[in-house]
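Below is one structure; the comments refer to it alone.
Keep in mind the model is a prediction, meaning the values are calculated, not measured. Throughout, a chain's letter reflects where its sequence line sits, starting with A, and its residues are numbered from 1.
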There are 2 protein chains.
Amino acid sequence: MPRYERPIATVDAALFTLVDGGLTLALTRREREPYKGQLALFGGYVHTDEDEDTAATARRILREKGGIALSYLEQLYTFSGKVRDPRGWSLSVAYYALVRPHELQSGDARQIELIPIGKVPALPFDHNRIVELALARLRGKASYSSLPAFLLPPTFTLSQLQDVYERVLGHALDKSSFRRKIESQGVITPVEQMVRGGRHRPAQLYRLSDRHLAEFDRLISTA
Amino acid sequence: MPRYERPIATVDAALFTLVDGGLTLALTRREREPYKGQLALFGGYVHTDEDEDTAATARRILREKGGIALSYLEQLYTFSGKVRDPRGWSLSVAYYALVRPHELQSGDARQIELIPIGKVPALPFDHNRIVELALARLRGKASYSSLPAFLLPPTFTLSQLQDVYERVLGHALDKSSFRRKIESQGVITPVEQMVRGGRHRPAQLYRLSDRHLAEFDRLISTA
DNA sequence: AAAATAGTGTCTGTTAGACATTATCGG
DNA sequence: CCGATAATGTCTAACAGACACTATTTT
């Protein structure tokens, strides 16, 4: 048995969604010390009596604090050290998660604050580092996977899909190249329905071919 | 303050090197229970009084048990749960590391067992999962970065470099395409020296242009 | 000269990027 | 018919993969 004090073990989650089409971080006000009342990532202690593993901890915290159905959850990185938490040597297993906009409506609005990713304020602990890493991971995976589609409703048009990719990646994409790439990768399947709206040609609706994340054989064009 | 017991916090490291040109995993025999005497990854408790963070824990463990100078160290994933360790709810921050073959000579040979990656036996805890994930990460990064070069001496020929890439990736590469890719990415720099040996044309020696990992703008050919 | 490996050249099919064109809706 | 967005087509440059060929050493 160890002679050493066990570190504090917590889980933090960077939760992303779309608000008015823009990539948005969901934060919450801390209910306890330290930093009580401050805006921070969703986070909490590992409950060794009820959590199967740290992914379960993350899901429990988001369920308790927001009541949110996640479309994607992935472990990001584990942050650790003596100084990152005033309570002492700590270890935070960080996750990032995506939520579809219409799912977020069902969350407890009083416990969720939505901040556009360009306007994230200074956060307690090393939460700004976590957000930066989560964004980098999100952008990285967006360039070679179906990840951004998990921010959309179950069915969507190709224009909507291109728009989310552009929002996540942060730059414009060529329509023709984008469609070629997405269709050649077989990650989406047309559904028997069209969207009519506005005075223009109706758009084909699609869904993800697979409920899980699909990786492409090459990168999305960098335009 | 939490009402919950803190989980056990450990660090495990999958250490890779080359032996006779082949990718090899370095293991050690456990000095303590549980699984005392069994072959396992290098691992140990986080020492909150002396370790700056978990990367420092990993370096300390490898220093103590092997006396090894690492050429590369990267956090891999954090494994957690109630059942993975007989001592109780535990959390292992897993790392993987690369060592240059000539550096391994300086390690304590009695504490290191070298196993070709095709012949890794059943290991305690979830160490086989860690090894699999480490290999997958290593192979993934090999296809778009200078990572395999960290398994070579500071200077090397292009033939040696291609050989390590092939060993890590597990398949042959086209010589012409490989050289084009590597040289176009600017990750290596020729040094003022040639290697003469064998009855053939001497080879140009190179070194990495940067001490750090360099990523390519596209994948290495899949041949 | 022969053997062996280092290093270069060339052809071809595929793909990304740019951009133009056609299609189909609502009004 | 017009405005708007959906969807498709075309051209070109860049690149990967395959493979042939040349270069320089030792024996």
**Message:** Let me spell it out: for each of A:Gly197 and A:Ser176, pick the nucleotide of DNA chain C with the closest heavy atom. Which residue's pick is nearer the 5' end?
**Reply:** A:Ser176

**Request:** In whole angstrom, give the distance that lies between atom CG of A:Leu158 and atom C1' of D:dA6.
**Result:** 9 Å

**Presence of B:Lys181 side-chain N/O under 4.0 Å of D:dA16 phosphate oxygens OP1/OP2** = yes

**Message:** Measure CZ/A:Arg218 against P/D:dC15 and give the value in whole Å, please.
**Reply:** 12 Å

**Request:** Indicate, with a heavy-atom threshold strictly under 4.0 Å, whether A:Arg180 touches base, sugar-phosphate, or nothing.
**Result:** base

**Prompt:** With respect to the phosphate group of D:dA7, does any side-chain polar atom (N or O) of A:Arg179 fall under 4.0 Å of OP1 or OP2?
**Reply:** yes

**Atom-pair distance (CD on B:Gln185; C1' on D:dC15), nearest Å** = 12 Å

**Asked** To the nearest Å, how far apart are A:Ile182 CD1 and C:dA16 P?
**Response** 11 Å

**Item:** A:Gln204 CD - C:dT24 C1' separation (whole Å)
**Value:** 14 Å

**Prompt:** Between B:Arg84 and A:Asp53, is any pair of side-chain heavy atoms under 4.5 Å apart?
**Reply:** no

**Asked** Which part of the nucleic acid, if any, lies within contact of B:Arg196, taking any heavy atom under 4.0 Å across all strands shown: a base, the sugar-phosphate backbone alone, or nothing?
**Response** sugar-phosphate

**side chain to side chain contact (heavy atoms under 4.5 Å, CB included) assessment of B:Val99 paired with B:Leu62** = CA-CA 11 Å; B:Val99 199; B:Leu62 290 168; over 6 Å; no

**Prompt:** So which one's nearest nucleotide on DNA chain D is more toward 5', B:Gly198 or A:His200?
**Reply:** A:His200

**Request:** Take atom CG of A:Asp174 and atom C1' of C:dT15, then tell me their distance rounded to the nearest Å.
**Result:** 13 Å

**Complete:** Among the nucleotides C:dC25, C:dA23, D:dC19, whichever has the atom closest to the side chain of A:Pro202 is C:dC25

**Name of the residue among B:Leu73, B:Leu18, B:Leu147, B:Thr17 meeting side chain to side chain contact (heavy atoms under 4.5 Å, CB included) with B:Leu98** = B:Leu147

**Interatomic distance where CG belongs to B:Asp163 and P belongs to C:dT5 [whole Å]** = 12 Å

**Asked** Do A:Thr57 side-chain atoms and A:Asp51 backbone N/O form a donor-acceptor pair below 3.5 Å?
**Response** no

**Item:** Side-chain N or O of A:Ser159 closer than 4.0 Å to phosphate OP1/OP2 of D:dA6
**Value:** yes

**Prompt:** Taking atom C1' of D:dT5 as reference, at what distance in whole Å does atom CG of A:Leu161 sit?
**Reply:** 16 Å

**Request:** Spell out, as yes or no, whether a donor-acceptor pair under 3.5 Å connects the side chain of B:Glu103 to the backbone of B:Ile68.
**Result:** no

